[in-house]
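Remember, it's 1-based here, ligands and their atoms both numbered in the order they're listed. Keep in mind that this is a model prediction, so the values were computed, not measured.
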Amino acid sequence: MLIVLLGPPGAGKGTQAERLVKQLHLAYIATGDILRAAVKSGTALGQKAKEYMERGQLVPDEIVVEIVRERLADADCAAGAILDGFPRTVAQADALDKVLRDMGKKVDRVIYIEVEEEELLSRLTGRRVCRDCAATYHIKFNPPRVRNVCDQCGGELYQREDDSLTTVQERLQVYREQTAPLIDYYRKQGVLEVIDGNREMEEVYADILAAIEKGSD
Ligand code: ADP
Ligand code: ADP
Ligand code: ZN
């Protein structure tokens, strides 16, 4: 089972993926997390990706496609995976189809989480992330039990640099131009499920689960 989570920055992809991965026992592939880890440890990949990420732009397709290709070959992905934040361009989607075809697999379901722009702004500017396990919180909508401390691992929470208002606006623009075309791309493939993401996390989650179960026959 290969599931893609599609949606603008702040839609709740990471939040929902955290729950799905636990319940469905699927591998989790979040290109943003992988890239941030590379930047933090200063690898060659991280050095290349850093400037794009800071500006709120997309890292070049070749780089992220290679990351995902390698990751999908890992043993824990054999039974299936959730892709969060990839693909983000039509070129990436084409490349993914090809990688999967070579493995005898395909994209089974694309969960498109739709959220209004104003809501995205407040979600992103209030987001906090764990430095150690990348769990996601929100200062108002999903606060940790102890201020700035991760419920899951006790790690320190921080605000991503690209969650500042100006960079968020740039990222939303990039989303509209380069990622939104994937909605039609996957609709044409007959795998798209549109989810109303403007609601409580639990309600959104229930809809996503139903959409996935509907597709798994
Ligand atoms: P978001 O909260 O917007 O979903 P992510 O953590 O997925 O953010 O991504 C953060 C940044 O990492 C993006 O703004 C982009 O620079 C880079 N990135 C992540 N995934 C991709 C991808 N599939 N293609 C290109 N760049 C990516
Ligand atoms: P994405 O991965 O799509 O960028 P996240 O899952 O990181 O989005 O969510 C963005 C922010 O919004 C986080 O701070 C998260 O806690 C919060 N959030 C996620 N889903 C909801 C929701 N349904 N209602 C309110 N806040 C939410
Ligand atoms: Zn943590």
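Of the heavy atoms in Arg160, only side-chain atoms (C-beta onward) come closer than 4.0 Å to ligand 1. Contact annotation: for Pro8 versus ligand 2, heavy atoms closer than 4.0 Å belong to the backbone alone. The proximity of Arg127 to ligand 1, defined as any non-hydrogen pair under 4.0 Å, is limited to the side chain. The part of Val64 lying near ligand 1 is the side chain, judged by heavy-atom distances below 4.0 Å. The proximity of Val59 to ligand 1, defined as any non-hydrogen pair under 4.0 Å, involves the side chain as well as the backbone.
The protein heavy atom nearest to atom 12 (O) of ligand 1 is Met53 CE, 3.4 Å. Closest to atom 27 (C) of ligand 2 among all protein heavy atoms lies Met201 CE, 3.4 Å. The nearest protein atom to atom 19 (C) of ligand 1, hydrogens excluded, is given as Arg88 NH1, 3.4 Å; this is a heavy-atom distance.
Within the structure, the closest approach of Arg36 to ligand 1 falls below 4.0 Å when heavy atoms are considered.
Between the SG atom of Cys153 and the SG atom of Cys150, the angle centred on the Zn ion (ligand 3) amounts to 110° when rounded to 10°. Considering the Zn ion (ligand 3) as centre, the angle to SG of Cys130 and to SG of Cys133 is 110° (10° rounding).
Those atoms of ligand 2 that come under 4.0 Å of a heavy atom in Thr15, given as number and element, are 5 (P), 6 (O), 9 (O), 15 (C), 19 (C). Taking every heavy atom of Gln57 and a limit of under 4.0 angstrom, the matching atoms of ligand 1 come to 15 (C), 16 (O). Contact atoms of ligand 1 toward Gln92: 22 (C), 23 (N), 24 (N), 25 (C) (distance under 4.0 Å to a heavy atom of the residue). Residue-ligand proximity, Lys13 to ligand 1, at heavy-atom distances under 4.0 Å covers atoms 4 (O). Annotation for ligand 1: atoms under 4.0 Å from non-hydrogen atoms of Arg171 are 1 (P), 2 (O), 3 (O), 8 (O). Heavy-atom contacts of Leu35 reach the following atoms of ligand 1: 12 (O), 17 (C), 18 (N), 19 (C), 27 (C) (cutoff under 4.0 Å). Within ligand 1, counting atoms from 1 as listed, the ones closer than 4.0 Å to a heavy atom of Phe86 are 23 (N). Close approach of ligand 2 to Arg199 is summarised as follows: ligand atoms under 4.0 Å from at least one heavy atom of the residue are 22 (C), 23 (N), 24 (N).
Between the Gln92 side chain and the Arg88 main chain, a donor and an acceptor come within less than 3.5 Å of each other.
At a 3.5 angstrom cut-off on N or O pairs, Thr31 counts as close to ligand 1.
Arg171 has a carboxylate O that lies under 4.0 Å from a charged side-chain N of Asp163, or vice versa, which qualifies the two as a salt bridge.
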